[in-house]
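Position 1 is the first residue of the sequence; numbering continues from there.
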Amino acid sequence: MFYGVELQSRLLLGTAQYPSPAVLCDAIAASRTEVITVSLRREGADGAGFRDILKKSGCRILPNTAGCHSAREAITTAQMACEVFGTTWIKLEVIGHADTLQPDPFALLEAARILCAEGFDVFPYTTEDLILGEKLIEAGCKVLMPWGAPIGSGQGLRNIEGLRTMRAHFRDVPLVIDAGIGAPSQAVQAMELGFDAVLLNTAVAKAHDPVEMARAFSDAVASGKRACDAGLMPRRNMAEASTPIFGMAELLA
């Protein structure tokens with residue numbers, strides 16, 4: 001549940017880089033997602049037409065502040081997105097490093113405080129840093145979106161122990177893995193760790209068959225969630241026989 005809204009799907013899908021609007025629409029349908037993200041700054045010349053396509057999907061739109069490198073940029077973009085899309089939901093991105101696209105923790109926190117005070121429902125793109133997470137929660141964020149790896153890298157979960165610690169620390173906070181997921185198996189891993197959802201874009205949009213890949217990610221996220229709920233077996237350092245010794249026939253020499 002995000003900001004009082006209960007969703008059935010745990011896959012959030014980005015809408016950039018698809019080969020055509022038709023493929024985008026088919027991928028959204030195949031993914032069974034209920035939330036799609038869109039950047040106000042990257043809509044292109046036919047912004048109104050693109051927005052109409054997104055609205056016809058029937059999904060809740062989560063605008064994002066992609067491409068912003070300062071708190072001021074992100075705040076202004078969020079305010080514009082609120083007017084354009086008619087929503088208080090905003091995926092807050094404030095990029096601090098040009099190569100890794102790692103979020104700027106100081107500008108992110110500053111923007112989050114202001115936007116939360118203005119009544120926005122902020123989804124902050126952050127790292128697995130616990131202190132920053134605490135500060136974002138104190139600022140009014142009710143969701144945290146730590147990266148798995150740099151945006152568009154497809155590296156999956158680079159800091160599994162850090163993400164596992166974050167999940168254990170923020171037990172009652174919805175956590176969404178955002179960025180770096182490149183394969184359905186990585187999405188399964190995120191869900192098996194106990195995360196609430198996965199947000200991705202490039203892995204679907206740039207696939208040879210985006211529609212089929214969207215379907216694969218939908219199945220992966222659902223499978224990972226079921227496995228987590230069922231209870232994964234603990235890892236062991238030594239082997240443990242699965243066949244009981246009691247009752248086995250004793251062979252005499």
Side-chain angles (χ1 to χ4, degrees), residues 1-68 73-95 101 115 118-125 143 145 151-152 174 176-181 187 196-222:
M1 180 178 290
F2 302 136
Y3 291 101
V5 177
E6 188 168 353
L7 303 170
Q8 298 302 312
S9 173
R10 295 177 182 273
L11 176 63
L12 287 66
L13 192 64
T15 56
Q17 307 183 72
Y18 287 83
S20 71
V23 171
L24 168 61
C25 292
D26 289 344
I28 291 174
S31 73
R32 299 192 289 272
T33 185
E34 295 171 72
V35 179
I36 52 178
T37 67
V38 58
S39 170
L40 185 67
R41 296 168 63 103
R42 296 178 178 172
E43 284 189 24
D46 189 27
F50 185 59
R51 289 195 294 273
D52 288 340
I53 291 174
L54 299 183
K55 290 177 181 178
K56 288 179 182 178
S57 72
C59 296
R60 178 178 287 269
I61 295 177
L62 174 62
N64 66 57
T65 62
C68 293
E73 270 189 296
I75 292 167
T76 300
T77 302
Q79 293 167 339
M80 293 172 61
C82 179
E83 294 184 15
V84 171
F85 294 105
T87 180
T88 55
W89 279 25
I90 191 73
K91 178 190 169 187
L92 182 61
E93 296 183 32
V94 187
I95 302 302
L101 301 183
L115 290 173
E118 291 183 359
F120 281 86
D121 300 318
V122 177
F123 293 68
Y125 164 60
V143 178
M145 303 181 72
I151 294 171
V176 181
I177 291 293
D178 177 15
I181 296 295
D196 297 280
V198 170
L199 192 159
L200 54 92
N201 187 162
T202 308
V204 171
K206 292 294 188 178
H208 175 70
D209 185 341
V211 177
E212 192 60 28
M213 186 62 77
R215 188 173 291 112
F217 270 106
S218 177
D219 293 341
V221 169

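Only one option out of Val35, Val176, Asn64 pairs with Leu199 in a side chain to side chain contact (heavy atoms under 4.5 Å, CB included); it is Val176.
Pairs passing the salt bridge (Lys or Arg N to Asp or Glu O under 4.0 Å) check and including a residue from residues 17-36, sequence neighbours excluded, read Arg32-Asp219. For residues 81-91, every residue pair satisfying the salt bridge (Lys or Arg N to Asp or Glu O under 4.0 Å) rule, not counting sequence neighbours, is listed here: Lys91-Glu93, Lys91-Asp178. Counting only residues at least two apart or on different chains, no side-chain hydrogen bond (donor to acceptor under 3.5 Å, both in side chains) pair has a member in residues 1-13.
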Name every donor-acceptor pair, under 3.5 Å, that has one atom in a side chain of residues 203-213 and the other anywhere in the protein, sequence neighbours excluded.
{"residue": "Asp209", "atom": "OD1", "partner": "Val211", "partner atom": "N", "Å": "3.3"}
{"residue": "Asp209", "atom": "OD1", "partner": "Glu212", "partner atom": "N", "Å": "3.1"}
{"residue": "Glu212", "atom": "OE1", "partner": "Arg215", "partner atom": "NH1", "Å": "2.7"}

Give every donor-acceptor pair under 3.5 Å between a side-chain atom in residues 11-23 and any protein atom, sequence neighbours left out.
{"residue": "Thr15", "atom": "OG1", "partner": "Thr37", "partner atom": "O", "Å": "2.7"}
{"residue": "Gln17", "atom": "NE2", "partner": "Thr202", "partner atom": "OG1", "Å": "3.4"}
{"residue": "Tyr18", "atom": "OH", "partner": "Gly14", "partner atom": "O", "Å": "3.2"}
{"residue": "Ser20", "atom": "OG", "partner": "Val23", "partner atom": "N", "Å": "3.1"}

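Residues meeting the side chain to side chain donor-acceptor pair (under 3.5 Å) test with Asn201, sequence neighbours left out: none. With sequence neighbours excluded, the residues satisfying side-chain contact (heavy atoms from CB on, under 4.5 Å) with Cys59 are Ile28, Thr33, Ile36, Ser57. For the side-chain contact (heavy atoms from CB on, under 4.5 Å) test, residues two or more places apart in sequence or in another chain that qualify with Thr88 are Asp121.
Side-chain N or O atoms of Thr77 include one that pairs as donor or acceptor with a backbone N or O of Glu73 at under 3.5 Å.
Heavy-atom minimum distance, Phe120 versus Ala78: CE2-O, 3.5 Å. In terms of heavy-atom proximity, Pro63 sits nearest to Ala81 at CB-CB, 3.6 Å.
Note on ring orientation: taking the six-membered ring where Trp is involved, the planes of Trp89 and Phe2 are perpendicular (angle over 60°, cut-offs 30° and 60°).
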